[in-house]
Number of protein chains: 2
Amino acid sequence: MRIRTKDIAQKAGVSLGTVDRVLHNRDGVSEKSRKKVLAIMEELGYEPNRYASALASNRTLSFACLIPGHSEGEYWESVEEGIRGAVKDFADLGAHCAFFYYDSFDYSSFAVEGEKILGGDFDAVIIGPTVKEFTLPFTSSLDGKGTPYVFVDSFVSGSSPLAYYGQDAHSSGYFTGSIVLPLRVPFGGTIAVFETTRGKVTGSNQQILREEGFRRWIGKNGAEVILRKVDLPQDGDPSACRKVLKEFFSSNPDIKTGLFFNSRAYIVGEFILEEGVKDFDLTGYDLLPRNVGCLRKGAISRLISQRPLEQGYGAVKALTENIILKKDVKKENLMPIDLLTADNIDFYIR
Amino acid sequence: MRIRTKDIAQKAGVSLGTVDRVLHNRDGVSEKSRKKVLAIMEELGYEPNRYASALASNRTLSFACLIPGHSEGEYWESVEEGIRGAVKDFADLGAHCAFFYYDSFDYSSFAVEGEKILGGDFDAVIIGPTVKEFTLPFTSSLDGKGTPYVFVDSFVSGSSPLAYYGQDAHSSGYFTGSIVLPLRVPFGGTIAVFETTRGKVTGSNQQILREEGFRRWIGKNGAEVILRKVDLPQDGDPSACRKVLKEFFSSNPDIKTGLFFNSRAYIVGEFILEEGVKDFDLTGYDLLPRNVGCLRKGAISRLISQRPLEQGYGAVKALTENIILKKDVKKENLMPIDLLTADNIDFYIR
DNA sequence: GGCAATTCCGTGCACGTGCACAAAAACATC
DNA sequence: GATGTTTTTGTGCACGTGCACGGAATTGCC
């Protein structure tokens, strides 16, 4: 039978109130009673009933979530789905969440949305960070107010979040190297690295770190590989992309291997399908529906996943457990580096 | 603010009791009241507070778990850890679990332990099944008593569990083929398939299905590969194994690729480390500490994981949600086929 | 020893839901 | 329309914990 505070009180010869005070480190308890109650709690292995506790305390937990705006089928959609799932699971503990979106290509929008959050009355914040210069002012304001926050996706040094959920991007690039290169290098010494540009912005922190990791594998293993950057304009009409790709594939028939260090591998994958490009080995990130479609049809050879749902879920869970249940939470939570191909993808979806 | 039964009662102009009766589909409510309450519940989007509900109902949930006995560091230890973790998480809902172990090399022990469970008073059973002939009599007894059960690890057809948590073994063998063969076939046309034997028993259902899946890849892709079985005696002293392996490696210097379709790849991995065998590519299953040790040291090239922790956790969660919260649960839960190498293993441990 | 101040402790209500029992209303029978 | 029967509805306590309030015990001071 489960041990209750009542049982402890009985055995210690004190009242429920005293046990309660000991339990919550409140004063007004003699040293003698405190010792006795603690000893008996230890002896009987008391574990509080979190449900009864949540019910009695009757508090709410107001989250704010600040992440890049996104349209359907994009990476951040999955992170948000994970967050919403967790908030729903913890709704009985009083959790609810307001979402704020910034434009990842317009840094100042991060500050604008951040101000709204600072003005509101939130118990905790979940942040999908932008560049350091804009993230740190916001987190230090939160530090000032004593509002806890967690990062998802990427970590920004110089801040002190309660926790971080994301992938070790450098390691994931290194891993990509270890998988792709032994398999592909015999097919040709040049590898295409595709990048997408919008305005003046090319690539996030994570993307840059992944490429660094990939290059480190090359360096460490003395692979003789040339990386050729291919820049794809992402903002204008899609025909600009097509033009670049047509030009690339026709003038480089010897390049048989391509990489994306962001989630937009489908741009090339769908081109491959439409144009019937043969024997091109393409590696990308993230299980966007369009990427998965290409993977299934053979236009993308492999995808690396970083478990965005788990990131979002974990972030909310960590905050809830820390605030409501006052548990210590793990600070650094690095997602597994999953390798997906047409032959195992079915078991990662749904 | 969260909608309570009280709010519904107020708005419908009835008492809490009536709302409660509607909520639990009990009779003694006029059609008029039932309609009205249901309409308002719908309108306000009522979601019951599971905590308050669990607290008030004050019921317990007694699990029995019947799995193969295992010593430290073996596969089933992780499954059990997952089960224990879930039971702990749901302890506030009244969950607790008794464990029964059978000898997977002595089928009748399954029946013996099964009888104990049938004699006890359990609300649900978690089964790591043995062969069909011994599993079905047990599950049909459970069916007779109306006791729900779930399978972990493998599925036994002819039974009707509430859910199944495991890996599609055939697909995982197929996937192994797709990863290993393109990489390794140039290194030699013969591949060693290691098996371990104890008494007269060689290999579980899962192991056989994995090999079938592997062979299917070969067939489908017209790979010219010879599979050479290597039988390792697992019961006697370890020196018998060493002898077999010494003989194998010295007389087959051309075989550079090996496979285990069960979790004991460390037997060969540790031999490789001790004897300093070079350039042997070894693939195995499951993240046993000894396997992981070999993977990190390069003696095993890759491991396939089937997420035993999640299997155990999921099984308990499904039963709890079905019984206590009367939720529908997903019947077939196939684990992802994770590919682990020395370069991503760190992020799967812990 | 008397009194106040301080420290310590017990009691009671609340949280939202489940369930048993009692009360009320509706209906049936003569 | 009085009585009994069935259907429908309301009320109250319980679950384990949090918290506020007031009472009891102890201490300090003259």
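Because the structure is a prediction, the values reported are computed rather than measured. The chains referred to below are lettered A, B, ... by the order of the sequence lines, with proteins before strands, and numbering in each begins at 1.
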Can you measure [X] atom [atom1] to [N] atom [atom2] for me and round it to whole angstrom units?
X	N	atom1	atom2	result
A:Arg59	D:dT17	CZ	C1'	15 Å
A:Tyr51	D:dG18	OH	P	15 Å
B:Leu55	C:dG18	CG	C1'	10 Å
A:Leu23	D:dC19	CG	C1'	13 Å
A:Gln10	C:dG10	CD	P	13 Å
A:Lys35	C:dC8	NZ	P	13 Å
B:Lys6	C:dA14	NZ	C1'	10 Å
A:Glu47	D:dT17	CD	P	11 Å

Side-chain atoms of A:Ser57 come closest, of D:dG18, D:dG16, C:dG16, to D:dG18
Any idea which of D:dT17, C:dC9, C:dT17 is nearest the A:Ser53 side chain?
D:dT17
B:Tyr46 side chain near C:dT17 phosphate (N/O to OP1/OP2, under 4.0 Å):
yes
Counting just side-chain N and O atoms, does A:Ser30 come under 4.0 Å of either OP1 or OP2 of C:dT7?
no
For a quick check of understanding: with a heavy-atom distance under 4.0 Å over all strands, which category does A:Asn58 fall into, base, sugar-phosphate or nothing?
sugar-phosphate
Counting the atoms with a prime plus P, OP1 and OP2 as sugar-phosphate, which does A:Asp20 contact under 4.0 Å by heavy atoms, base, sugar-phosphate, or nothing?
base
Test your reading of the model: is there a side-chain donor-acceptor pair from [X] to the backbone of [Y], 3.5 Å cut-off?
X	Y	result
A:Lys145	A:Leu118	yes
B:Asp92	A:Asn49	no
B:Arg307	B:Asp338	no

Closest-nucleotide 5' rank along DNA chain C - winner of A:Leu16 and A:Gly28:
A:Gly28
Relative to the ring of A:Tyr313, is the ring of A:Phe90 parallel (under 30°), tilted (30 to 60°) or perpendicular (over 60°)?
tilted
Distance-only donor-acceptor test, B:Arg26 side-chain atoms vs C:dG18 base atoms, 3.5 Å:
no
Can you find an N or O donor on one side and an acceptor on the other, under 3.5 Å apart, linking the side chain of A:Arg21 with the base of C:dG10?
yes
Could you say whether A:Gly17 or B:Thr18 is positioned toward the 5' end of DNA chain D, judged by the nucleotide with the nearest heavy atom to each?
B:Thr18
5' priority, DNA chain D, between A:Arg2 and B:Arg34 [closest heavy atom]
B:Arg34
Could you go through A:Phe63 and A:Thr320, starting from their C-alpha distance and side-chain angles, then the distance that decides it, and tell me whether this counts as side-chain contact (heavy atoms from CB on, under 4.5 Å)?
CA-CA 9 Å; A:Phe63 291 120; A:Thr320 306; 3.5 Å; yes
